[in-house]
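Since the model is a prediction, treat every value here as computed from it, not as a measurement.
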Amino acid sequence: MTKDTIVSNQRPDLDFHPLRADLYQELHSRPFQVIPSTARITHIAVLITPEQRQQQFEHLQKLHRLLGQPWPEEEVSCYEHDLGDLRIRREVHMEFATYTFINLAESKTAPFKETGLSLLPQGWIEELAGTVVAAFHVDVRRSSEDARSELAFMRKYFEDTRLVGSSPQGGAARILGSFQLHSDNFGRFMVLNRDMSNSQLGRLVQRLMEIETYRLMSLLGLPLARDITPALNDMDQQLAVITQSLADNESLDEQELLSRLTNIAARIEAFRAHSTFRFSATRAYHRLVLTRLEELREDEVSGHLTLTEFMTRRLTPAVKTCEAVGERLEDLSRRIDRASEMMRTRVDLAIQSQNQQLLSSMDRRSRIQLMMQHTVEGFSVVVISYYLIGLLKMALNALRESGMEFNTPLILGVAIPIVMTAVFLGVRRIHYRFIRMARKQ
């Protein structure tokens with residue numbers, strides 16, 4: 001066996017799917033970050049349209065030019081680059097993009113005094129295209145051994161808000177946050193690292209940022225659910241009245257009721273078209289939040305709700321509300337279909353009754369017409385016979401004037417019953433002929 005044959009056997013010429021390389025790369029497209037124990041991080045999630053996505057990429061290129069760095073030529077789903085002490089990470093998702101700015105410069109300032117935005121060029125962040133949903137700072141520091149003094153230290157920088165916190169990964173770190181907006185219009189989290197490596201700390205911070213981002217994205221469906229609910233209550237009441245009217249077998253204007261049902265059905269479909277994606281996204285984001293919370297493996301910090309407890313008490317009811325409104329939309333749609341089917345059945349029965357009455361009326365008119373036809377046939381025999389006898393008389397008079405001698409009254413008297421019988425038989429024959437033709441059809 002030659003060397004070329006061995007190489008050929010090792011790399012067979014197969015028909016590979018054109019997306020095969022992308023499918024392999026997808027698993028590695030968003031790697032966890034490596035974050036040191038002293039870092040100031042700002043995370044921003046922005047809703048974008050396809051046009052704004054391109055604007056954001058061009059804006060990212062502008063940032064590199066402002067900082068005197070080479071800029072990316074092509075957009076990717078996850079872009080990360082170190083610009084000196086500033087690390088930039090941009091991830092593009094289905095309906096939003098996230099920006100993570102990590103300030104790695106040495107600093108001894110108070111927490112949140114400097115953030116991930118501190119090293120950005122003046123005015124650049126304000127020109128970012130899109131609608132901001134999540135925006136918060138994460139201050140990462142080393143932990144001390146005194147837990148009580150550490151908690152007191154962390155509380156000072158959350159502007160007297162009630163805190164939620166835990167010790168994830170078996171107490172290897174400590175997290176505190178308020179899940180509220182502060183005076184700078186950003187949220188805040190503080191992570192104190194005790195025993196984690198930079199890689200472990202990066203995974204912890206990544207999960208924390210995803211929890212907060214997906215939490216807010218999942219809550220986007222709640223205002224929509226609240227807006228839809230009053231209209232659903234009104235349509236539910238209307239449908240109940242219509243259904244009760246059908247159940248009571250009242251004398252109704254079917255066309256008017258069908259028009260009302262059609263209007264309700266159209267409104268329901270409009271709500272479904274407007275809300276299906278949002279409610280589905282809410283469920284998906286909620287599942288991601290729960291998954292990330294499980295990965296934290298939290299231990300309780302004395303006196304504070306854990307992140308999991310907080311989410312279970314506050315986020316889950318909101319998500320359940322969205323699910324309930326979505327299920328109610330589906331239920332109303334099914335009920336409208338059933339009411340419409342009952343109404344159509346009622347209309348069909350009414351139409352059948354009208355058709356039955358119309359056929360009965362037509363049958364009566366046909367019988368009357370047949371009786372009239374028989375009556376007319378009798379008169380027509382007399383009339384035709386009269387004219388034929390008249391023609392015969394004229395013929396006899398013409399023959400007499402030509403010199404022929406015969407008894408005209410006698411001939412006419414004999415001809416009358418013969419002519420009338422012949423006319424009667426001829427008319428009846430024609431009548432039966434038409435009847436046979438109708439039966440063949």
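Not one N or O on the side chain of Asp139 forms a donor-acceptor pair closer than 3.5 Å with the backbone of Pro111. Panel note: side chain Gln56, backbone Ala129; a donor-acceptor pair is recorded below 3.5 Å. When atom types are taken as modelled, the side chain of Thr243 and the backbone of Ala240 share no donor-acceptor pair closer than 3.5 angstrom. Remark: side-chain polar atoms of Glu159 are paired, donor with acceptor, to backbone N or O of Ser183 under 3.5 angstrom. Here the side chain of Asp82 pairs no donor or acceptor atom with the backbone of Gly84 at under 3.5 angstrom.
Applying the salt bridge (Lys or Arg N to Asp or Glu O under 4.0 Å) definition to pairs two or more places apart or across chains, those involving residues 96-120 are Arg40-Glu114. Legend: salt bridge (Lys or Arg N to Asp or Glu O under 4.0 Å) pairs involving residues 195-207, not counting sequence neighbours, sorted by first then second residue: Arg207-Glu295.
Considering Thr282, Val289, Leu290 as possible partners of Val319, the one that fulfils the side chain to side chain contact (heavy atoms under 4.5 Å, CB included) test is Thr282.
Contacts of Phe271 classified as ring-ring contact (aromatic ring centres under 6.0 Å, His included), with partners at least two apart in sequence or in another chain: none. In this structure Asp85 satisfies the salt bridge (charged side-chain N to carboxylate O under 4.0 Å, His left out) test with no other residue, sequence neighbours excluded. Partners of Glu269 by salt bridge (charged side-chain N to carboxylate O under 4.0 Å, His left out), not counting sequence neighbours, listed by chain and number: Arg272. By the ring-ring contact (aromatic ring centres under 6.0 Å, His included) test, Phe424 pairs with no residue at all, sequence neighbours left out. Residues forming a side chain to side chain donor-acceptor pair (under 3.5 Å) with Arg267 (at least two apart in sequence, or on another chain): none. Residues satisfying the side chain to side chain donor-acceptor pair (under 3.5 Å) test with Arg297, not counting sequence neighbours, are Gln169. With sequence neighbours excluded, no residue forms a side chain to side chain donor-acceptor pair (under 3.5 Å) with Thr312. Every residue two or more places apart in sequence or in another chain was checked for a ring-ring contact (aromatic ring centres under 6.0 Å, His included) with His274, and none qualifies. Residues passing the salt bridge (charged side-chain N to carboxylate O under 4.0 Å, His left out) test with Arg338: none are found, sequence neighbours excluded.
Rounding to the nearest 0.5 angstrom, the gap separating the CZ atom in Arg188 from the CG atom in Leu176 is 13.5 Å.
Salt bridge present: Asp236 and Arg328 bring a charged side-chain N and a carboxylate O closer than 4.0 Å. Remark: Glu95 engages Arg278 in a salt bridge, criterion side-chain N to carboxylate O under 4.0 Å.
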Please table the atom pairs, donor to acceptor, closer than 3.5 Å between any side-chain atom in residues 212-224 and protein atoms at least two apart or in another chain.
residue, atom, partner, partner atom, Å
Glu212, OE1, Arg215, NE, 2.8
Glu212, OE1, Arg215, NH2, 3.2
Glu212, OE2, Arg215, NH2, 2.9
Thr213, OG1, His43, NE2, 3.1
Thr213, OG1, Met209, O, 2.8
Ser218, OG, Tyr214, O, 3.2
Ser218, OG, Arg215, O, 2.6

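Closest non-hydrogen pair, Thr42 versus Gly116, comes out as OG1-N, 3.0 Å.
Ring-plane geometry between Trp124 and His59 is classed as parallel, the angle between the planes falling under 30 degrees on a 0 to 90 degree scale with a further cut at 60. Ring-plane geometry between Phe112 and His137 is classed as tilted, the angle between the planes lying from 30 to 60 degrees on a 0 to 90 degree scale.
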